[in-house]
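Comments concern the structure below.
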Amino acid sequence: MDMKNKKRTFITVFCLSVAIIAMVFVFFNKNKEDIKYIMTVGKMDVASEEVHMIVDDIKLKNKNNLISTYKISHAKFDWNKNYGDKKAYQYLLDDLIEQVTKTKVIQQLAVEAKIIDDFDYKMFLKMLENENEMRQEKASKGEIFYGLEQFNQKQYYQYLNNNLLLQLNTYLIDHQKIKLSDEEVKQTYKDNKEYFNNLKFDEVKDKAKNLCYENKIEMYIEDKMEGVKVDYNQEELEKYVMQCLNNE
């Protein structure tokens, strides 16, 4: 082979190698590119899919609240209309930011408590895949499992976050991050006698204690929410929320 042919062969091989490397790079980064993060809460990134799921959860409640407050007919309701001092979607946006912040604070607390190693949306999708595979296998073998045979993303997001909160509650109580005094439990009972069907304190003491724990854990999470930094682009977030609402 003469020098000219050797040179051509080298250039061809080199170009093919570069193309293959580029294809491999694109393949391994495809999932990362597919997930768009549009908010940050503390150390936690928030994927657009998470925002969409939370919008789906809260939109009916917000819509009904506005219809009730401002005496609007369902037919005339419009997310882009002003009710009171702002547009309907802006009320929902305020609620969304609060709900996203709470969800991410709970996830971060679960990481700090070593309930989970970490949380991001790519990890969540892998967990969903593993959970569905496990449930499908159990179903095929006739084994017992609880709940749905297969989760979609929204169902599993709710399921996972509810479980994280339950495990976090247990952690906070067991590690005495949340403590109760007898006076607090008695005050909870006095403030909620109707809830306890006006039974005597000794009859519902354990229930009063559980309710007191629930209230204090809620306050603990709210305190953490107040101290966390929430970053997002207002215009981008509003645009995405309206896109979610227009697709309902």
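Every value quoted in this text rests on a predicted model; they were computed, and no experiment measured them. These numbers come from the heavy atoms of this one structure, side chains and all, not from hydrogens, waters or symmetry mates.
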query: Shortest non-hydrogen contact from Trp79 to Lys59?
result: CH2-O, 3.5 Å
query: Same hydrophobic cluster for Phe119 and Leu166, using side-chain heavy-atom links shorter than 4.5 Å among ILVMFWY?
result: no
task: Indicate the atoms forming the closest heavy-atom contact of Lys87 with Asn80, along with that distance.
output: NZ-O, 3.2 Å
- prompt: Any idea how Tyr70 and Tyr91 line up, ring-wise: parallel (<30°), tilted (30 to 60°), or perpendicular (>60°)?
  reply: tilted
query: Hey, does Asp57 have a side-chain heavy atom less than 4.5 Å from the side chain of Gln99?
result: no
field: Side-chain touch Tyr37/Asp120, heavy atoms, less than 4.5 angstrom
entry: yes
- line: Tyr240 and Ser48 have their tightest heavy-atom pair at OH-O, 3.1 Å
task: Apply side chain to side chain contact (heavy atoms under 4.5 Å, CB included) to the pair Glu131 and Met134, showing each step before the final yes or no.
output: CA-CA 5 Å; Glu131 183 73 25; Met134 179 270 291; 3.4 Å; yes
- prompt: In terms of heavy-atom contacts, does NZ of Lys216 have more than 12 from other residues, nucleotides or ligands at under 6.0 Å?
  reply: yes
task: Evaluate the side chain to side chain contact (heavy atoms under 4.5 Å, CB included) criterion for residues Asn161 and Leu164: first the C-alpha distance (whole Å), next the side-chain angles of each, then the deciding distance (0.1 Å), finally the verdict.
output: CA-CA 5 Å; Asn161 286 316; Leu164 287 180; 4.1 Å; yes
- prompt: Would you say Leu92 and Leu245 make side-chain contact, with heavy atoms under 4.5 Å?
  reply: yes
message: Quick check for you: to the nearest 0.5 Å, what is the distance between Asp45 atom CG and Lys122 atom NZ?
response: 12.0 Å
Tyr83 side chain vs Asp78 backbone, donor-acceptor pair below 3.5 Å: yes
- line: Test side-chain contact (heavy atoms from CB on, under 4.5 Å), reference Asn62, set Leu93, Asp95, Leu96, Asp94, output is Asp95
message: Any non-hydrogen side-chain atom of Met225 less than 4.5 Å from a side-chain atom of Glu98?
response: yes
Considering all heavy atoms, the nearest Ile144-Lys138 contact: O-CD, 4.0 Å
- line: CD (Glu238) and CD (Gln90) are apart, to the nearest 0.5 Å, by 6.0 Å
message: Out of the candidates Lys126, Lys36, Gln153, only one should pair with Tyr121 under the side-chain hydrogen bond (donor to acceptor under 3.5 Å, both in side chains) rule; please name it.
response: Gln153
- request: Could you list the residues that satisfy side-chain contact (heavy atoms from CB on, under 4.5 Å) with Ser181, not counting sequence neighbours?
  value: Glu183, Glu184
message: Using 0.5 Å steps for rounding, measure from the CD atom of Glu50 to the CE atom of Met44.
response: 9.5 Å
query: In this structure, are over 12 heavy atoms from other groups packed under 6.0 Å from Lys61 atom NZ?
result: yes
query: Does any N or O in the side chain of Ser68 come within less than 3.5 Å of the main-chain N or O of Asn64, such that one atom is a donor and the other an acceptor?
result: no
Show me the side-chain donor-acceptor pairs of residues 190-206 shorter than 3.5 Å, one per line, residues at least two apart or across chains.
from	atom 1	to	atom 2	distance (Å)
Asp191	OD1	Gln187	NE2	2.9
Asn192	ND2	Thr188	O	2.7
Glu203	OE2	Lys200	N	3.1

message: With a 6.0 Å cut-off (strictly less than), is the heavy-atom count around NZ of Lys86, excluding the residue itself, greater than 12?
response: yes
- prompt: For Lys154, does the NZ atom sit with more than 12 other heavy atoms under 6.0 Å from it, leaving out its own atoms?
  reply: yes
- request: Flag the pair Ile173 / Ile217 as yes when at least one side-chain heavy-atom distance between them is below 4.5 Å, and no otherwise.
  value: yes
- request: Using the side chain to side chain contact (heavy atoms under 4.5 Å, CB included) rule, take Ile97 and Tyr232 through it: C-alpha gap first, then chi angles, then the decisive distance, then the call.
  value: CA-CA 10 Å; Ile97 292 165; Tyr232 56 91; 3.1 Å; yes
Other cluster members, Met219 - Ile/Leu/Val/Met/Phe/Trp/Tyr, side-chain contacts below 4.5 Å: none
query: Is there side-chain contact between Tyr213 and Asn169, with at least one heavy-atom pair below 4.5 Å?
result: no
- prompt: Say you draw a straight line from OG1 of Thr170 to CD1 of Ile115; how long is it, rounded to the nearest 0.5 Å?
  reply: 8.0 Å
statement: When rounded to the nearest 0.5 Å, the distance separating NZ of Lys63 from CD1 of Ile58 is 14.0 Å
statement: Tightest non-hydrogen contact, residues Val111 and Asp117, listed as CG1-O, 3.6 Å
Side chain Arg135, main chain Phe145, donor-acceptor under 3.5 Å: no
field: Separation of Asn130 CG from Leu125 CG (nearest 0.5 Å)
entry: 11.0 Å
message: Check the orientation of Tyr156 and Phe151. Use parallel for under 30°, tilted for 30 to 60°, and perpendicular for over 60°.
response: tilted
message: Checking Leu109 against Leu172 for the side chain to side chain contact (heavy atoms under 4.5 Å, CB included) test, could you report, in this order, the C-alpha distance in whole Å, the side-chain angles of both residues, the deciding distance, and whether it holds?
response: CA-CA 10 Å; Leu109 289 171; Leu172 292 173; 5.8 Å; no
query: Can you find a heavy atom in the side chain of Gln108 that is under 4.5 Å from one in the side chain of Val41?
result: no
message: When you compare the side chain of Lys102 with that of Ile106, does any pair of heavy atoms fall below 4.5 Å?
response: yes
